[in-house]
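Step one of this worksheet: look at the structure below.
Order of the sequence lines fixes the chain letters, A, B, ..., with proteins taken first and strands second; residue numbering starts at 1 for each chain.
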Number of protein chains: 2
Amino acid sequence: MSVGRETRLSAWIERFAAHFAEEGIPLIGGRILGYLLVCQPVERTAAELSQELEASSGSISTNLKYLVNVGLVTKRTRRGRQAAEYRINEKAWTEFIQRKLTAIASVQVLTDDGMRLLSGDPERAQRLKTVDRLYGWLSEELPALWERRPASPK
Amino acid sequence: MSVGRETRLSAWIERFAAHFAEEGIPLIGGRILGYLLVCQPVERTAAELSQELEASSGSISTNLKYLVNVGLVTKRTRRGRQAAEYRINEKAWTEFIQRKLTAIASVQVLTDDGMRLLSGDPERAQRLKTVDRLYGWLSEELPALWERRPASPK
DNA sequence: GATCCCTTTCGGTCGACACTGAAGCCATCG
DNA sequence: CGATGGCTTCAGTGTCGACCGAAAGGGATC
């Protein structure tokens, strides 16, 4: 007997959430992300999310606030409706990833400062120099690579 | 009255450790890394690190084990000396960063699986498709970029 | 303006993890 | 072979943050 699509999807959502949990995003936040990526229709209220994901209203509220804040989810209110609707903002994923890349390269600022402190003692600076060169290269190349990113089709 | 170089260096080490603490590396682990990058001489025993960084022997031991495990620090034992000596392994930083890059791109596996689950329903798959394309591009380009990395001079 | 319903806020609980310090372990040396 | 000295292991402590559920807050409708 085969498993239904929706069942598989919720397993997928769980994997999805688990991945981002390792990156520091709360489990429930990851579940919201995964769910909003594949749900039909695309918009959901906080109450619906709470029920679907079996999470408390408080947790949903906190995590939605966070996700809206980083831009991955957009909130939409409509006249005549009390409940706000939330949906994925696919476009924001580019900035989300960009932040990760720049975070990696940002170590260069540190190694650079360190090199300055050790100026005048090249022998001692040698270890740092190796690391600094790597990060220096990254902070050149990563932004450059990012510029070459293909525009997403309409 | 100016501040001594060593004082500034320990402030730098603290900033260094703080940065990596945000990435999930224990504070003391980060301090060890920063310290071993700039100390003179380059090798230190666990006891010395414990004293210099004012951390318990237990914490030093645990964190050294971790750092040796990920390759960023190498342990060296010498005949006739009980105390092992630890030093930075600059070379390992390449793999350290590479792991971070591949971790980012690895989301593509997830989005890909999701796309498969939604095959046959292009409308519903649209949101995921946008994200999947981005990660697809990344998992092409990041490894390619990495290959072009300049070899570190001897 | 009163009621209803949805959301947000807030105190409280639970689990995870960094860190400590003491006890155990093992190699070195007398 | 015993003593010394340093590293590792382990139980215990404290902190931090995710999560829950109840109460407060604020629109929308009557």
Side-chain angles (χ1 to χ4, degrees), chain A residues 13-36 39 41 43-70 72-87, chain B residues 13-36 39 41 43-70 72-87:
Chain A
I13 291 170
E14 207 55 28
R15 277 208 299 145
F16 193 85
H19 176 96
F20 287 101
E22 285 180 6
E23 297 190 7
I25 293 181
L27 202 49
I28 295 187
R31 289 197 186 112
I32 295 176
L33 274 186
Y35 184 77
L36 287 181
C39 65
E43 287 181 319
R44 289 292 144 105
T45 68
E48 285 165 344
L49 291 169
S50 173
Q51 185 161 16
E52 284 291 335
L53 301 176
E54 297 174 84
S56 74
S57 59
S59 289
I60 295 293
S61 175
T62 305
N63 281 279
L64 277 177
K65 190 174 186 176
Y66 165 73
L67 291 173
V68 168
N69 206 40
V70 299
L72 290 175
V73 169
T74 33
K75 177 180 188 172
R76 175 166 144 225
T77 55
R78 304 169 77 169
R79 252 197 333 213
R81 298 218 187 160
Q82 187 175 357
E85 319 229 283
Y86 296 91
R87 65 152 76 192
Chain B
I13 291 170
E14 206 56 27
R15 277 207 297 144
F16 193 85
H19 176 97
F20 287 101
E22 286 180 6
E23 299 192 5
I25 292 180
L27 203 49
I28 296 187
R31 289 197 186 111
I32 295 175
L33 273 187
Y35 184 78
L36 287 180
C39 65
E43 287 180 320
R44 289 293 144 104
T45 67
E48 285 165 345
L49 290 170
S50 173
Q51 185 160 19
E52 284 290 336
L53 302 176
E54 298 174 84
S56 72
S57 60
S59 288
I60 296 293
S61 176
T62 303
N63 280 280
L64 276 177
K65 191 174 185 176
Y66 164 72
L67 291 172
V68 168
N69 205 40
V70 300
L72 290 175
V73 169
T74 33
K75 177 180 188 171
R76 175 165 142 225
T77 55
R78 304 170 76 168
R79 256 198 328 215
R81 297 219 187 159
Q82 188 175 356
E85 319 228 283
Y86 296 90
R87 65 152 77 193

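For B:Ile60 and C:dG21, the CD1 to P distance is 12 Å, given to the nearest whole Å. For the pair A:Tyr66 OH and C:dT7 C1', the interatomic distance rounds to 21 Å; values are reported in whole Å. Rounded to whole angstrom, the span from the CG atom of A:Leu53 across to the P atom of D:dC20 amounts to 11 Å. Across the protein-nucleic acid pair, B:Ile32 atom CD1 and C:dC19 atom C1' stand 12 Å apart, rounded to whole Å. D:dG6 atom P lies 21 Å from atom NZ of B:Lys65, rounded to whole Å. Per the geometry, CD belonging to B:Gln51 stands 11 Å off P belonging to D:dG6, to the nearest Å. Per the geometry, CZ belonging to A:Arg31 stands 14 Å off P belonging to D:dA18, to the nearest Å. Distance CG (A:Asn63) to P (C:dT9): 13 Å, rounded to an integer number of Å.
Within 4.0 Å of A:Ile28, counting heavy atoms only, lie sugar-phosphate atoms of the nucleic acid but no base atom. Among the atoms of the strands shown, only primed sugar atoms or phosphate atoms (P, OP1, OP2) are found under 4.0 Å from some heavy atom of B:Tyr86.
The side chain of A:Leu27 lies closest to D:dC19, out of C:dT9, D:dC19, D:dT9. Residue A:Ser61 has its side chain nearest to C:dT9 when only D:dC19, C:dA18, C:dT9 are considered. With C:dT8, D:dT8, D:dC20 as the choices, the nucleotide that has an atom nearest any side-chain atom of A:Ala55 turns out to be D:dC20. Distances from the side chain of B:Ala46 to the nucleotides D:dA18, D:dT9, D:dC7 place D:dC7 closest. In this structure, the nucleotide among D:dA18, C:dT7, D:dC7 sitting nearest to the side chain of B:Ala47 is D:dC7.
Partners of A:Lys75 by side chain to side chain contact (heavy atoms under 4.5 Å, CB included), not counting sequence neighbours, listed by chain and number: A:Val68, A:Thr77, A:Ala84, A:Tyr86. The side chain to side chain donor-acceptor pair (under 3.5 Å) check on B:Ser56 picks up B:Ser59, with sequence neighbours excluded. Remark: A:Ile13 engages A:Arg31, A:Tyr35, A:Val38 in a side chain to side chain contact (heavy atoms under 4.5 Å, CB included) (not counting sequence neighbours). With sequence neighbours excluded, the residues forming a side chain to side chain contact (heavy atoms under 4.5 Å, CB included) with A:Glu48 are A:Arg44, A:Thr45, listed by chain and number. For B:Glu23, the side chain to side chain contact (heavy atoms under 4.5 Å, CB included) test picks out B:His19, B:Phe20, B:Lys100, with sequence neighbours left out.
Shortest non-hydrogen contact noted between A:Ile25 and A:Gly30 is CG2-N, 3.9 Å.
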| message | One character per nucleotide, please: for nucleotides 21-30 of chain D, 5' to 3', B when the base has a protein heavy atom closer than 4.0 Å, S when only the sugar-phosphate does, - otherwise. | response | BB---BBSS-
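When the side-chain nitrogen and oxygen atoms of A:Lys75 are compared with OP1 and OP2 of C:dC6, none of them lie within a distance under 4.0 Å.
Atom CD of A:Glu85 sits about 11.0 Å away from atom OG1 of A:Thr74, to the nearest 0.5 Å.
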